[in-house]
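Any value given below was found using the heavy atoms of this structure, including those in side chains, with hydrogens, waters and symmetry copies removed. Lettering of chains follows the sequences in order, A, B, ..., and the numbering in each one begins at 1.
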Amino acid sequence: MSVAEPLLLPTSDAELHGKIASITWSPRGWGYRAALLASGAGTLLLAYCVSYTVARGIGLWGNQIPVAWAFGIINFVWWIGIGHAGTFISAILYLFEQPWRAAINRFSEAMTLFAVLQAALFPLLHLGRPWFGYWLFPYPSTMQVWPQVKSALPWDAAAVSTYGTVSLLFWYLGLLPDLAAIRDSAPELWRRRVYGIFALGWRGDERTWLHYRRAYLLLAGLATPLVLSVHSIVSSDFAIGLTPGWHSLIFPPYFVAGAIFSGFAMVLTLLIPARKVFSLEKMVTLRHLDNCAKLLLTTGLMVSYGYLIEYFLAWYSSDATERYQFFVARPSGPNAIFWYFMLLGNVLVPHLFWFERVRRNLWALFVLSLVINLGMWSERFVIIVLSLQREFMVSQWGDYSPTWVDLSILGGTMCFFSLLFLLFLRFLPFMAASELKELRREIEHVPQLAREPREREGDVHG
Amino acid sequence: MSEYWRSVLQACGGSAALGAGGVPASAATDTLGRRELIQLLGGSLALAGLGGCNQRPREQILPYVTSPRELTPGLPLDYATSMELDGFAVGLLVKSHEGRPTKVEGNPLHPASLGASGVYEQASVLSLYDPSRLRGPLQDRMPVSWERALAALQGPASWRPWFVLPPQSSPVTIAWLGRVRERYPGARFCFHAALSRQAHYQAAAAAFGEPLEAQPDFSASRVVLALDSDFLSQGPMSLRWAREFSERHAPRVPSAEMNRLYALESTLSPTGSVADHRLALRSTDVPRLALWLLAELARNDARARLPGLSALGELPSVEGSEHAAWVRALADDLLRHWGTGLVLAGPQQSLATHALALALNGALGSFGRTLRLTAPALLEPAGAESLGTLRAAIDQGEVDALLVLDCDPVYGSDPELGLEAAFARVPLTVQLTSHSNATSRACRWLLPLSHYLESWGDSRALDGTVSQVQPLLEPLHASRSLLEVVAACAGAPRPNGHALVQAHWRSQLGVRSVADFDAQWATRLQHGLQPGSAFPELRREPDWGRLLTLARTALTPAPRDGYELSLPVSPSVYDGRFAHNAWLLELPDPITKQMWGNALRISAEDASRLGLSTGSVVELSRVGRAVRAPVLVAPGQAPGTLALALGFGQSGSGTLGDGVGVDAGPLRAATEGAFLRVQLRATSQRARLAIRQQTQDQQGRGLALATSLAAYRQDPSFTRAARGPQASLLPVLQQASTGPLAGLQWGMTIDTTLCTGCSACVIACQAENNVPVVGPREAARGHEMHWLRIDSYAAEAQSPVGVIHQPMLCQHCEAAPCEYVCPVNATVHSPDGLNEMVYNRCIGTRFCSNNCPYKVRRFNWFDYSDDDALARLQKNPEVTVRERGVMEKCTYCVQRIRGAERQARIERREVAPGEVVTACQQACPTQAIQFGALSHGGTAMVEWRQEPRRYSVLHELGTRPRTQYLAKVTNQNPELPR
């Protein structure tokens with residue numbers, strides 16, 4: 001094994017504080033402003049298209065019969081999937097005591113929140129009558145009708161709202177010490193006051209930290225099963241249906257793996273430029289990137305396994321419609337290009353991460369993370385659209401093509417996401433400074449921590 | 001007026017307060033009575049702002065019941081009337097809600113309908129309310145009054161008016177045309193029809209000395225040969241012929257006898273798709289093949305040797321031609337069934353073909369057995385004048401006035417005739433029309449024509465039955481009927497349709513007293529026809545020699561240069577007269593499934609040779625004139641032939657049909673007849689066509705099953721894999737409740753052997769259930785809304801020409817996949833087995849559509865409902881009009897089910913077998929769709945389910961659909977390969 005990459009390069013509390021906390025609210029350069037402007041414009045486009053859709057109808061999208069679900073649901077699943085990496089890093093890696101999570105967990109938790117926000121738009125927007133969307137929730141209605149719970153869509157409503165709530169709470173809880181640090185160190189009075197309100201009276205004494213740790217552990221415990229359950233439920237939107245290409249029992253685990261896969265890719269997409277722009281090389285070392293790449297490899301292999309099982313079962317079933325869908329419609333039917341993107345991004349690219357040279361190369365990681373996200377979006381396109389295009393009734397085969405409203409909404413959500421992210425970078429500490437300070441002290445006392453975990457004495461392999 | 005009221009009151013056992021003179025007080029004064037107020041409210045609220053109230057006509061119309069009933073708001077009434085198309089009537093019952101007609105059904109008493117109705121009849125109710133109808137007389141595009149217009153139609157005795165009008169069979173109109181002739185000895189009449197039957201009558205005139213009608217009797221025939229004849233879906237008696245043919249066609253048990261249909265045609269038609277054997281060949285080759293057949297028959301059987309065959313000289317032999325085996329097998333089969341055979345020729349075929357068809361019928365002993373001779377219903381059926389003679393007369397200056405009544409001769413006419421320019425040279429040009437069209441551009445006076453639902457009149461069916469036309473409401477606009485305008489030309493002052501019809505029949509029926517006439521008149525209105533007025537059968541000796549001289553042209557083979565282009569009437573807009581009707585424009589073609597327009601049908605061989613695919617634009621050219629059209633690779637198209645439907649490509653009419661499709665008119669030539677020789681050139685353009693069904697290949701999935709009669713007899717249960725209980729680990733989901741709420745369990749059985757693909761059921765469903773029209777752009781995107789569609793598939797084990805038409809609608813599955821995926825309980829299962837759609841609970845997630853394997857659910861992608869005040873009058877008030885964002889689908893006409901249940905409850909009885917009839921079932925000419933309750937043992941719906949050829953579509957999915965199908969059985973001739 002090569003020499004272990006350090007977990008945290010030598011730094012000081014002051015440097016950590018300076019690079020993360022005290023730069024909030026400070027003016028940014030022209031690059032930031034240009035990016036903010038572009039994102040803002042995209043967000044306005046999104047708002048316009050959303051209003052247009054609600055006012056005129058879903059006919060503005062490319063949906064038709066048989067392809068009644070398309071970009072709306074693809075985007076929904078894609079964004080929710082992306083969010084899973086943040087929860088994985090914050091909660092699961094916390095429970096597994098992985099110290100390298102400290103540098104990236106705030107960042108990715110924010111990414112999760114903003115991704116969930118984008119995703120939450122779609123279950124409402126894609127409805128024919130979105131003003132009645134609240135009927136998906138179980139409330140005592142004067143009509144004496146409750147949601148029909150055999151359907152996966154009320155499960156979605158429950159899962160996504162739970163996920164959003166828990167993620168928000170978890171993220172906010174983690175922010176508290178840093179908000180307090182800014183409150184205590186900011187020169188301007190108004191900054192102290194604003195951050196003071198949001199710091200909720202953090203005192204930083206023993207009792208506060210004790211309660212903090214307990215609450216954090218509790219939320220991590222709550223969030224962990226969500227990583228598995230939320231996307232399993234989202235996958236059951238398809239798995240409970242009878243469409244060939246949807247009706248697969250492998251979907252829950254395969255979707256969860258895919259979600260973490262795409263989430264980590266998005267983490268890398270955001271992290272690599274931010275690391276350069278904000279000079280975070282000391283906190284986000286090559287070790288972090290290397291670990292992210294290894295997780296991409298692992299989850300990518302799980303996704304490939306999912307595809308393998310799907311294809312095997314389609315063949316094994318001897319069902320004409322299943323076989324047609326998987327062996328004819330996907331490789332050679334309309335919109336087959338997305339099937340090829342899917343294979344490229346999700347099956348071929350992860351294998352590049354076997355090579356350490358690739359895992360440590362910033363440009364390679366950045367480009368490949370984009371390809372992976374394209375691949376994951378294409379996977380949802382293939383599952384939803386390609387399956388519906390070639391279903392049982394041959395007379396109702398149809399070809400799908402998106403409209404400009406579809407593309408604008410997708411692009412708009414990406415712009416809205418980046419707008420939120422840019423604002424987050426500006427106004428909030430985007431790393432868990434308190435956790436990094438803690439980590440720094442741990443490394444000081446136990447230098448071996450800085451190296452690969454398996455080289456630590458008495459540690460369990462894992 | 002008081003006389004009529006008195007008789008109505010007497011019939012009702014009148015108890016209303018009588019004022020002076022025996023007239024009810026409310027009717028005698030000017031104040032509105034309670035009844036009139038409710039009638040007016042029902043109809044006229046929406047008409048506020050438009051001229052003319054929506055009243056029941058002041059003349060008395062009588063509803064279709066055995067005794068008159070008062071109008072009850074909320075309860076519709078059925079009135080009998082008739083619709084005339086190219087001179088022939090089909091009897092109808094039209095449902096009227098609060099004084100406005102909403103739905104058309106067939107009249108079971110009428111011989112041309114037998115209770116069924118076709119696409120034109122079903123869609124006609126929408127034409128009544130079309131907003132682009134002419135609303136008042138126009139002179140040089142300026143509005144004028146009817147007084148002025150009628151005054152302009154008068155002239156001195158030396159006046160030479162030319163009338164261009166559709167073929168006429170109406171006794172009243174014919175009488176008045178006679179009076180026009182008396183008044184103006186120089187008057188000439190040109191009977192113009194796009195699908196003219198003149199060749200048929202001319203051949204009959206040659207054979208019998210007078211133009212007689214040869215009526216087929218399918219109930220007596222075992223073998224039918226259709227020479228380019230789409231008799232099952234086009235033609236004045238097609239509804240009846242389809243029924244009679246079908247009654248002998250579907251085998252109710254494997255051992256049953258089936259009749260056999262052979263079809264010769266270039267372009268696949270519904271008749272060709274039902275045929276047991278079909279030969280695809282050039283239409284211009286049909287006469288020669290008929291001649292070969294006649295020769296073959298004469299060679300093999302003495303009974304088939306007609307005297308007069310010598311008129312043709314040496315008969316050609318079919319040996320050596322590619323069709324030899326076919327013709328020989330056909331001849332053998334016909335001779336085996338001598339006396340029960342029938343040969344039909346399509347109206348667009350040449351005179352030679354019609355002559356040969358009569359000769360073949362004679363050779364096969366059809367006359368008096370399967371073919372009956374009667375007098376013709378039309379006036380001057382063989383036609384005296386034509387558009388050519390009109391043009392010549394205009395050139396000579398012999399035309400003082402041109403009156404074009406209810407037709408459009410300029411559209412689709414031979415450009416060489418130059419009709420539009422010629423019309424401009426006539427001093428007075430008048431067109432009586434409902435919509436502005438190509439002829440309107442050339443006419444100075446435009447007079448609005450009343451719709452048949454607003455008119456008094458009569459007509460005849462093909463068999464001579466006098467069919468009554470009575471209006472259901474006063475004319476919506478300032479329009480007149482054709483009868484009234486003809487009467488005005490003959491000099492009748494202030495002609496009123498009701499008075500004209502009554503006056504004519506008073507003299508014709510020869511009754512002695514007023515009461516007698518009133519009684520007969522009442523019966524006539526109630527039944528919609530004059531009982532016993534069908535023509536009697538005539539016996540004539542044919543002059544075969546004279547007949548066969550007409551067939552001489554068949555001795556020489558037709559030229560084969562270029563492509564043969566035929567211009568059939570469109571199964572949706574006919575000859576273009578319905579190109580304003582949104583339902584018909586959006587109706588998918590029975591064979592190609594194209595909506596909103598026509599495309600050039602080309603064979604697969606020609607398309608691949610030329611590198612064309614559906615949507616490629618080509619240029620057709622003839623003698624220096626060119627037309628561009630998109631191509632559609634059509635199943636069953638004979639190589640070397642093309643087809644482009646008539647009726648499209650109109651412009652400047654201000655209707656929905658403007659710019660839709662291609663007008664092939666510029667390629668026409670009066671000299672070449674119905675089949676043109678054209679050149680084809682590919683271009684690099686492409687067009688987007690709105691085609692409902694992408695492919696007719698079942699992909700080996702057994703969606704629509706078919707077999708031959710012989711195979712069916714050997715293995716009756718061949719559909720076993722697609723029916724019956726299924727192995728499952730799970731307990732069977734019980735949907736049909738057995739408790740006190742269960743009630744009757746509804747189901748439907750559809751026999752695909754009977755379905756011709758005519759699509760009358762599609763329009764009927766659209767009319768009954770307020771299904772919206774989406775327009776060409778939306779239809780091309782896959783947003784069409786038809787609840788019922790006809791899926792057409794190539795029969796698997798046979799050649800691609802064998803077509804199975806499978807009407808597909810909500811299957812009302814007992815284990816419905818749509819129900820468990822709806823998040824808000826908007827689609828649930830009723831205790832009587834219906835899959836119900838709750839519109840006001842639906843939030844539009846569309847999961848139900850994704851999970852429906854039959855894809856029968858339709859979504860309101862936009863707000864498709866019509867805001868037009870007039871169009872709203874057509875809507876059925878018993879069915880919700882759905883808003884944007886809501887799913888909809890077939891409900892088994894639940895409003896009819898509940899209506900029958902209500903009526904049964906009021907009368908304290910059970911719902912009777914056959915009492916509930918769905919809209920699709922009622923319209924179907926062949927009765928292919930049967931609906932009813934599972935417990936009603938004797939009904940066709942239940943009995944058909946016992947047949948061994950029953951199957952469920954997508955049975956393996958375990959949906960347990962209540963809609964069951966019967967596999968298609970074809971009666972193949974063992975001597976002929978399929």
Side-chain angles (χ1 to χ4, degrees), chain A residues 56-69 72-73 123 126-136 143 145-157 237-238 240-243 246 319-321 324 328 384 387-388 390-401 403, chain B residues 593 692-703 774 778 781-784 789 791-793 806 808 817 819-828 841-864 883-887 953-954 956-957 959:
Chain A
R56 281 290 312 280
I58 306 294
L60 291 174
W61 297 2
N63 302 37
Q64 25 103 305
I65 307 290
V67 186
W69 282 358
I73 302 298
H126 95 116
L127 295 179
R129 301 203 294 172
W131 45 94
F132 291 129
Y134 63 93
W135 287 348
L136 278 168
M143 290 188 281
V145 192
W146 297 85
Q148 201 273 116
V149 293
K150 282 193 280 190
S151 164
L153 298 181
W155 309 346
D156 256 358
D237 282 350
F238 312 112
I240 67 168
L242 45 63
T243 312
W246 286 20
D319 183 78
T321 314
Y324 187 88
V328 181
I384 297 174
S387 303
L388 290 174
R390 294 291 180 267
E391 249 213 54
F392 295 101
M393 288 304 280
V394 178
S395 67
Q396 291 297 284
W397 282 3
D399 295 352
Y400 170 80
S401 59
T403 62
Chain B
K593 310 302 176 192
R692 195 175 186 170
Q693 184 178 346
Q694 262 192 9
T695 169
Q696 301 205 351
D697 178 5
Q698 288 190 53
Q699 304 284 331
R701 296 182 191 190
L703 298 167
V774 300
E778 288 291 287
R781 292 176 66 196
H783 285 179
E784 70 280 343
R789 62 175 192 262
D791 289 339
S792 302
Y793 296 109
Q806 188 181 62
M808 182 52 62
E819 289 172 8
Y820 73 83
V821 294
C822 174
V824 289
N825 276 309
T827 179
V828 292
R841 179 70 178 167
C842 176
I843 58 174
T845 60
R846 305 182 296 285
F847 203 167
C848 55
S849 163
N850 291 333
N851 224 30
C852 173
Y854 307 99
K855 294 286 179 260
V856 287
R857 287 172 158 274
R858 299 287 129 190
F859 186 69
N860 285 277
W861 301 99
F862 288 116
D863 188 6
Y864 292 130
E883 74 156 334
R884 162 169 75 95
V886 158
M887 269 293 182
V953 180
L954 296 176
E956 68 273 15
L957 295 179
T959 51

Largest heavy-atom contact set with chain B, pairs under 4.5 Å, which of Thr243(A), Val145(A), Leu136(A), Asp319(A): Val145(A)

Ser849(B) versus chain A, the contacting section by heavy-atom distance below 4.5 Å: side chain

Exercise: identify the closest heavy-atom pair between Gly782(B) and Gln64(A): O-CB, 3.6 Å

Contact class of Trp131(A) relative to chain B, heavy atoms under 4.5 angstrom: side chain

Selection from Asn850(B), Asn851(B), Asp863(B) maximising heavy-atom pairs under 4.5 Å formed with chain A: Asn850(B)

Best-contacting candidate, Arg692(B), Arg841(B), Arg789(B), against chain A by heavy atom pairs under 4.5 angstrom: Arg841(B)

Intermediate values then yes/no, side chain to side chain contact (heavy atoms under 4.5 Å, CB included), Trp69(A) and Phe847(B): CA-CA 8 Å; Trp69(A) 282 358; Phe847(B) 203 167; 3.7 Å; yes

Flag, side chain of Gln148(A) to backbone of Val828(B), donor-acceptor distance under 3.5 Å: no

Min side-chain heavy-atom separation Pro823(B)-Pro147(A) under 4.5 Å: no

Pairwise distance CZ(Arg846(B)) to CG(Leu388(A)) - rounded to 0.5 angstrom: 11.0 Å

Side chain to side chain contact (heavy atoms under 4.5 Å, CB included) between Phe862(B) and Leu60(A), intermediate numbers included: CA-CA 8 Å; Phe862(B) 288 116; Leu60(A) 291 174; 4.0 Å; yes

Largest heavy-atom contact set with chain A, pairs under 4.5 Å, which of Glu956(B), Lys855(B), Glu784(B): Lys855(B)

Nearest non-hydrogen partners of Phe392(A) and Pro853(B), listed with the distance: CD1-CB, 3.7 Å

Main-chain N/O of Cys842(B) paired to Arg129(A) side chain as donor or acceptor, under 3.5 Å: yes

Euclidean distance, Ser401(A) OG relative to Arg781(B) CZ, rounded to 0.5 Å: 8.0 Å

Top contributor to chain B contacts, counting heavy-atom pairs under 4.5 Å, from Gly62(A), Ala152(A), Gly133(A), Pro66(A): Pro66(A)

Heavy-atom pair count under 4.5 Å with chain A, highest-scoring of Lys593(B), Arg884(B), Gln693(B), Gln806(B): Arg884(B)

Full working for side chain to side chain contact (heavy atoms under 4.5 Å, CB included) between Met393(A) and Val856(B): CA-CA 10 Å; Met393(A) 288 304 280; Val856(B) 287; over 6 Å; no

Heavy-atom contact with chain A under 4.5 Å, split by part of Arg857(B): backbone

Side chain, backbone, both or neither of Thr321(A) within contact of chain B (heavy atoms, under 4.5 Å): both

Gln396(A) portion near chain B, given a 4.5 angstrom heavy-atom threshold: side chain

Which portion of Ile73(A) sits near chain B, non-hydrogen atoms under 4.5 angstrom: neither

Main-chain N/O of Asn63(A) paired with His783(B) side-chain donor or acceptor, under 3.5 Å: yes

Which portion of Ile843(B) sits near chain A, non-hydrogen atoms under 4.5 angstrom: both

Spacing of Arg390(A) atom CZ and Gln699(B) atom CD [to the nearest 0.5 Å]: 9.0 Å

Which of Ala826(B), Gly844(B), Pro817(B) touches chain A most, by non-hydrogen pairs under 4.5 Å: Gly844(B)

Intermediate values then yes/no, side chain to side chain contact (heavy atoms under 4.5 Å, CB included), Lys150(A) and Glu819(B): CA-CA 9 Å; Lys150(A) 282 193 280 190; Glu819(B) 289 172 8; over 6 Å; no

Between OG1 on residue Thr845(B) and CG on residue Asp237(A), distance to nearest 0.5 Å: 9.5 Å

Chain A contacts, top residue of Asn860(B), Val821(B), Val824(B) (heavy-atom pairs, under 4.5 Å): Val821(B)

Top contributor to chain B interface from Val67(A), Val149(A), Asp399(A) [non-hydrogen pairs under 4.5 Å]: Asp399(A)

Side chain to side chain, Cys822(B) and Ser151(A), heavy atoms closer than 4.5 Å: no

